[in-house]
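Structure, as structure tokens:
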Amino acid sequence: MTTAKRDTYTPETLLSVAVQVFNERGYDGTSMEHLSKAAGISKSSIYHHVAGKEELLRRAVSRALDELFTVLAEPGAIRGRAVERVEYVTRRTVEVLVAELPYVTLLLRVRGNTRTERWALERRREFDHQVAELLKAAAAEGDLRADVDIRLATRLLFGMVNSLVEWYRPHPGTTPDQLADAVVSMALDGLRTVR
């Protein structure tokens, strides 16, 4: 990574640089020296804003998690038939992933080696559990196939969504809405009951 020289920086720009370095080197492979070089500032300047790299990690994964949990509280996720809510949550999750790609990428790469990583993994499990409950409700309402294991369906659905961090890059011709439409169609068409 090239060194970015900054005359001024903010906690937000510092966080952005840290996320980029964590994604390139891995959290465990990143030192404060790597972060200071990438930001073009001294280590002491970084410590002026944060206690250390784990605080940067917590801020970064919190940003991704907060966005995901916000989706679950939106009207489209809490009103209507469960299958419509599943579709809404799936669509919005894709949109969050696209909008916050570096932050969600980092979130999906944590392995539980630190207290922050374990906390993030627990929050991800909580999110998955809430989505599984929506899928279960949609099956109970008769809109999703009853012969599909809900835990498996949840894992496959979010396996598809989460895989976007590995290959998706914004480019002309494909909008986030088109991407969300494709994911919703491919994922849910196989789960819906035929009426």
Side-chain angles (χ1 to χ4, degrees), residues 1-74 77-78 89-134 154-155 157-170 176 180:
M1 166 170 225
T2 60
T3 301
K5 293 293 179 194
R6 298 184 192 275
D7 294 328
T8 61
Y9 59 92
T10 65
E12 186 60 31
T13 57
L14 177 59
L15 182 61
S16 178
V17 168
V19 169
Q20 182 179 356
V21 175
F22 291 157
N23 282 334
E24 288 174 0
R25 301 186 61 85
Y27 176 74
D28 291 333
T30 300
S31 68
M32 291 302 284
E33 182 70 24
H34 295 124
L35 294 174
S36 71
K37 283 183 181 177
I41 59 177
S42 68
K43 286 191 279 187
S44 62
S45 293
I46 293 174
Y47 286 118
H48 176 72
H49 291 284
V50 295
K53 74 175 193 169
E54 190 159 358
E55 182 178 338
L56 288 165
L57 177 66
R58 177 125 183 156
R59 288 182 183 186
V61 296
S62 290
R63 178 171 164 166
L65 287 162
D66 290 348
E67 291 294 322
L68 291 170
F69 276 93
T70 295
V71 168
L72 295 177
E74 293 170 353
I78 57 178
V89 168
T90 303
R91 178 177 306 285
R92 288 287 293 123
T93 300
V94 171
E95 291 169 359
V96 166
L97 188 144
V98 169
E100 301 291 344
L101 187 62
Y103 295 87
V104 176
T105 299
L106 181 61
L107 172 64
L108 295 175
R109 291 182 177 166
V110 299
R111 297 291 171 246
N113 296 330
T114 67
R115 182 177 25 208
T116 296
E117 289 177 294
R118 290 186 293 277
W119 169 82
L121 288 172
E122 184 57 37
R123 295 283 288 154
R124 277 181 53 199
R125 281 191 287 275
E126 182 181 336
F127 181 85
D128 291 349
H129 174 73
Q130 290 187 36
V131 174
E133 290 299 312
L134 278 178
T154 304
R155 287 187 177 128
L157 176 62
F158 282 95
M160 179 188 299
V161 171
N162 294 344
S163 75
L164 296 175
V165 302
E166 300 304 328
W167 61 267
Y168 174 77
R169 298 299 172 261

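Residue numbers count from 1 along this sequence.
A distance of 8.5 Å separates CG in L164 from CG in L101, rounded to the nearest 0.5 Å. Note that CD of E55 is 12.0 Å distant from CD1 of I46, once rounded to the nearest 0.5 Å. The CD1 atom of I41 sits 7.5 Å away from atom OG1 of T13, with the distance rounded to the nearest 0.5 Å. To the nearest 0.5 Å, the span separating CD on E100 from CD on E95 amounts to 12.5 Å. The distance from the OG1 atom of T90 to the CG atom of L157 is 4.5 Å, given to the nearest 0.5 Å. A distance of 9.0 Å separates OH in Y47 from OG in S36, rounded to the nearest 0.5 Å.
Residues satisfying the ring pair (Phe, Tyr, Trp, His ring centres under 6.0 Å) test with Y168, not counting sequence neighbours, are none. Take F158 and apply the ring pair (Phe, Tyr, Trp, His ring centres under 6.0 Å) test, not counting sequence neighbours, and it matches F127.
Within a 6.0 Å sphere centred on NE2 of H49, heavy atoms belonging to other residues, nucleotides or ligands number more than 12. For R125, the CZ atom is densely surrounded, since the number of other residues' heavy atoms within 6.0 Å is greater than 12.
In plain terms, the two heavy atoms of A77 and L72 that are nearest each other are CB-O, 3.6 Å.
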Checklist line | Worked check of side-chain contact (heavy atoms from CB on, under 4.5 Å) between T70 and V96 | finding: CA-CA 10 Å; T70 295; V96 166; over 6 Å; no
Margin query: For a side-chain contact (heavy atoms from CB on, under 4.5 Å) check, start with the C-alpha distance between R63 and R59, then their side-chain angles and the critical distance, and finish with the verdict.
Written below: CA-CA 6 Å; R63 178 171 164 166; R59 288 182 183 186; over 6 Å; no
Notebook entry, point to check: Can you check side-chain contact (heavy atoms from CB on, under 4.5 Å) on Y103 and S16, steps first, answer last?
Noted result: CA-CA 9 Å; Y103 295 87; S16 178; 4.0 Å; yes
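By the 4.5 Å heavy-atom criterion applied to side chains, T105 and V19 are not counted as neighbours. Looking at heavy atoms from C-beta onward, D28 lies out of side-chain contact with R111 at the 4.5 angstrom threshold. Within the 4.5 Å cutoff, no side-chain heavy atoms of T93 are placed close to those of L97.
With no hydrogens or angles considered, no side-chain donor-acceptor pair links S45 and H48 at under 3.5 Å. A donor and an acceptor atom, one from each side chain of S42 and S44, are located under 3.5 Å apart.
Contact check on R58 versus E54 returns no salt bridge, with no Lys/Arg side-chain nitrogen under 4.0 Å from an Asp/Glu carboxylate oxygen. Ion pair E117/R124 not flagged as a salt bridge, since none of the NZ, NE, NH1 or NH2 atoms sits closer than 4.0 Å to an Asp/Glu carboxylate oxygen.
Side-chain N or O atoms of D128 include none that pairs as donor or acceptor with a backbone N or O of T154 at under 3.5 Å.
In this structure, R109 is not positioned above the aromatic face of Y27 in the sense of NZ or CZ being under 6.0 Å from the six-membered ring centre and within 45° of the axis.
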